[in-house]
Amino acid sequence: MAKMAASIVEHGEDALRKLFKFYKRRNPPPNFSDVIDFSNGLRNENVVGAELSPTAVSDSDAHIAGLQPVREWHAFGLKGYPGFIFISNPFLPGSQRHWVRQCLKVYPQKPNICNMDMHMSETETEHLWEKSADLMRTKSFGKREPKTLLEKLRWVTLGYHYNWDTKTYSAEHHTPFPADLHTLSRHVAAACGFPAFTAEAGILNYYHSDSSLGIHVDESELDHTRPLLSFSFGQSAVFLLGGTRREDPGTAMFMHSGDIMVMSGPSRLLYHAVPRIVPAPAGVPVPLPLQQGLDEGHPQESLVHWVEEEDWEVCTKYIQMSRVNMTVRQVLGSGQAFPPVETQRRTLSTTKETYHEASPQEGEEFYPKKTRTSTDSSLKS
């Protein structure tokens, strides 16, 4: 099966879609021997070290954001993908729990928007943590029980809220971006050479064991000179990174809890996807980095806070079978303003065939809304 994966990578003609189907299939399950695991360092011939800017973030600022000193981060790049940076879990021990709790309890709160707002009233979707917590604590895996609102969560948008119908952002569709996530993103971007990065929009995706994210490009932001940041927590996933065209070959890699990906420069507008969530190893339902809480010496002024046991009990039940991912972007360049929506839509319609994340039904992938556009190769960046 490893040879099959290699042959898919070597040939064109929608190679990324074939690779997606290979890793998504359930029976027989795929062989993961060709999937790059950055936690093993430079053991793969296509993996190279990535240079960071250790002085861009002070040790104290990194500590306050729950990060190790930048000089201690393990950062990698991939041959053939300039601008792509993979940072293997730079978080301090215990700090990942904060971000899991934020994704499940805090960020889905109003005025932020979630997938259930598309077909339920605001009164039904507000306080979804409070409406789900007690039921989550008593859930027994293996039993068929009604799903809580928390388990029905598929995506949440922050800051400039992405409009899934028009595939645009707008000044009118905006709420304050979370301060803690803004600071975390600013530090990571600065360490990667983007000191002027401003976190303006976020899309959180919630994956269960049978979830996947379809092939797409994140191109709706008006300024593509700024990086796209991706933070992963919970169960591991297989991530596919392709090229600027669908027929370009793809590279598969694992994303483990705490891993960060930065897509910038020539890699900013590459096709990518998540075909599979990898089941937890036997006897380790919760990833090791999430099994430890903050130590007593954590600074009081930290943005990362201790997660109370009653909250972590709910998070543990959720994360045993799930993964959460935060993608953060800067929408506007310096001094840039939003054009009329119709202008944005015309601009998008003349670029490439674009896939956008959408909310799936149970057991489906985060299937994208597909927009057929011009086939002129000069328009496929």
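- Salt bridge absent: Lys105 and Glu308 never bring a charged side-chain N and a carboxylate O closer than 4.0 Å.
- No more than 12 heavy atoms of other residues, nucleotides or ligands sit less than 6.0 Å from atom NE2 of His74.
- Salt-bridge check for Asp117 with Lys110: passed, with a basic side-chain N closer than 4.0 Å to an acidic carboxylate O.
- Atom CG in Leu240 sits 12.0 Å away from atom CZ in Arg276 (nearest 0.5 Å).
- Under the 4.5 Å side-chain contact rule for hydrophobic residues, Met136 and Val100 share a cluster.
- Using cut-offs of 30° and 60° on the angle between ring planes, the pair Trp155 and Trp164 is tilted.
- Side-chain contact between Leu222 and Pro339: present, with at least one pair of heavy atoms (C-beta onward) separated by less than 4.5 Å.
- A donor-acceptor pair is defined here as one N or O able to donate and one able to accept, closer than 3.5 Å; such a pair exists between the side chain of Asp248 and the backbone of Thr244.
- In the hydrophobic clustering of this structure, Ile64 does not group with Trp306; members are Ile, Leu, Val, Met, Phe, Trp, Tyr whose side-chain heavy atoms approach within less than 4.5 Å, directly or through other members.
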Let me see the working for Met253 and Met261 under side-chain contact (heavy atoms from CB on, under 4.5 Å), right down to the final yes or no. CA-CA 11 Å; Met253 63 200 79; Met261 288 194 310; 4.2 Å; yes
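- With rounding to the nearest 0.5 Å, the separation of NE2 in His208 from CD1 in Ile277 is 10.0 Å.
- Annotation: the span from Met321 atom CE to Ser211 atom OG amounts to 10.5 Å, rounded to 0.5 Å.
- Residues Phe254 and Ser39 have side chains not in contact (no heavy-atom distance under 4.5 Å, counting atoms from C-beta outward).
- Within a 6.0 Å sphere centred on CD of Glu301, heavy atoms belonging to other residues, nucleotides or ligands number more than 12.
- Both Ile203 and Met118 are members of a single hydrophobic cluster when ILVMFWY side chains are connected at heavy-atom separations under 4.5 Å.
- Under a 4.0 Å N-O distance rule, the pair Glu313/Arg137 qualifies as a salt bridge.
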Between Asp259 and Ser88, is the side-chain contact (heavy atoms from CB on, under 4.5 Å) condition met? List the steps.
CA-CA 5 Å; Asp259 289 344; Ser88 182; 3.8 Å; yes
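- More than 12 heavy-atom neighbours from other residues, nucleotides or ligands sit within 6.0 angstrom of CD on Glu72.
- Closest approach of His161 and Pro111 over heavy atoms only: NE2-O, 4.2 Å.
- Glu200 contributes a side-chain N or O that, together with a main-chain N or O of Val331, makes up a donor-acceptor pair within less than 3.5 Å.
- Listed for the Gln235 side chain is a donor-acceptor partner under 3.5 Å among the backbone atoms of Pro285.
- A 4.5 Å side-chain heavy-atom check between Asn46 and Tyr81 finds every atom pair outside the cut-off.
- With hydrogens and angles disregarded, a donor-acceptor distance shorter than 3.5 Å links the side chain of Lys131 to the backbone of Glu126.
- Of the possible donor and acceptor atoms, one in the side chain of Arg268 sits under 3.5 Å from a partner among the backbone N and O of Asp218.
- Side-chain contact check for Ser302 and His63: no donor-acceptor pair (N or O, by modelled atom type) lies under 3.5 Å.
- Judged by distance alone, the side chain of Asn44 and the main-chain N or O of Ile36 form no donor-acceptor pair under 3.5 Å.
- Of all heavy-atom pairs between Phe177 and Ala201, the closest is CE1-C, 3.5 Å.
- A ring pair (Phe, Tyr, Trp, His ring centres under 6.0 Å) with Tyr169 is found for one member of Phe338, Tyr162, Tyr160 and no other, namely Tyr162.
- When all heavy atoms of Leu52 and Trp73 are compared, the closest pair comes out as CD1-CE3, 3.7 Å.
- For the side chain to side chain contact (heavy atoms under 4.5 Å, CB included) with Leu204, the lone residue among Asn112, Leu158, Thr157 that qualifies is Leu158.
- Classification of the Phe86-Phe84 ring pair by plane angle, with boundaries at 30° and 60°, yields tilted.
- Val284 places a side-chain heavy atom less than 4.5 Å from the side chain of Gln291.
- Side-chain N or O atoms of Ser267 include one that pairs as donor or acceptor with a backbone N or O of Pro82 at under 3.5 Å.
- Side chain to side chain, Ser257 and Asn89 fail the donor-acceptor criterion of an N or O pair below 3.5 Å.
- In the hydrophobic cluster analysis, where Ile, Leu, Val, Met, Phe, Trp and Tyr join through side-chain heavy atoms closer than 4.5 angstrom, Leu303 is grouped apart from Ile260.
- Taking the charged nitrogens against the carboxylate oxygens, Lys139 and Glu151 do have a contact shorter than 4.0 Å, which makes a salt bridge.
- Within the 4.5 Å cutoff, side-chain heavy atoms of Leu149 are placed close to those of Met116.
- Distance alone, capped at 3.5 Å, places no donor-acceptor pair between the Arg323 side chain and the Ser236 backbone.
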Report the C-alpha separation of Ser230 and Phe239 in whole Å, then their side-chain angles, then the decisive distance to 0.1 Å, and conclude whether the side-chain contact (heavy atoms from CB on, under 4.5 Å) test is met.
CA-CA 11 Å; Ser230 174; Phe239 178 85; over 6 Å; no
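- Minimum interatomic distance between Ser132 and Leu150 (heavy atoms only, all atoms of both residues): OG-N, 3.1 Å.
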Practice prompt. Apply the test side-chain contact (heavy atoms from CB on, under 4.5 Å) to residues Val314 and Lys317: give CA-CA distance (whole Å), side-chain angles for both, the deciding distance (0.1 Å), then the verdict.
Written response: CA-CA 5 Å; Val314 177; Lys317 281 289 185 73; 5.8 Å; no
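- Side-chain contact, Tyr107 with Asp180: a donor N or O sits under 3.5 Å from an acceptor N or O.
- Checking Arg329 against His224 by side-chain atom types alone, no donor-acceptor pair falls below 3.5 Å.
- Ring planes of Tyr318 and Tyr206: perpendicular class, angle over 60° (limits at 30 and 60°).
- Between the side chain of Glu124 and the main chain of Ser121, a donor-acceptor pair closer than 3.5 Å is present.
- Within the 4.5 Å cutoff, the side chain of Leu16 has no heavy atoms near those of the Arg246 side chain.
- Here the CG-CD distance, from Leu229 to Gln330, works out to 10.0 Å after rounding to the nearest 0.5 Å.
- No hydrogens or angles considered: a donor-acceptor pair under 3.5 Å links the side chains of His216 and His272.
- Hydrophobic clustering of Ile, Leu, Val, Met, Phe, Trp and Tyr side chains at less than 4.5 Å, counting indirect connections, unites Phe20 with Phe32.
- The structure places CD of Gln68 at 8.5 Å from OG of Ser95, a figure rounded to the nearest 0.5 Å.
- Nearest approach of Leu153 to Val156, heavy atoms of both residues: CD1-CG2, 4.1 Å.
- Sparse packing is recorded around CD of Glu51, with 12 or fewer heavy atoms of other residues, nucleotides or ligands lying under 6.0 Å away.
- Contact check for His98 versus Gln102: side-chain heavy atoms found under the 4.5 Å cut-off.
- The line from CD of Glu309 to OG1 of Thr316 is 8.0 Å long, rounded to the nearest 0.5 Å.
- Trp99 and Phe91 get closest at one heavy-atom pair: NE1-CE2, 3.6 Å.
- Between the side chain of Arg186 and the main chain of Ala199, no donor-acceptor pair closer than 3.5 Å is present.
- Summarising the local packing, CZ of Arg43 is surrounded by 12 or fewer heavy atoms from other residues, nucleotides or ligands at distances under 6.0 Å.
- Side-chain contact between Pro108 and Trp129: absent, with no pair of heavy atoms (C-beta onward) separated by less than 4.5 Å.
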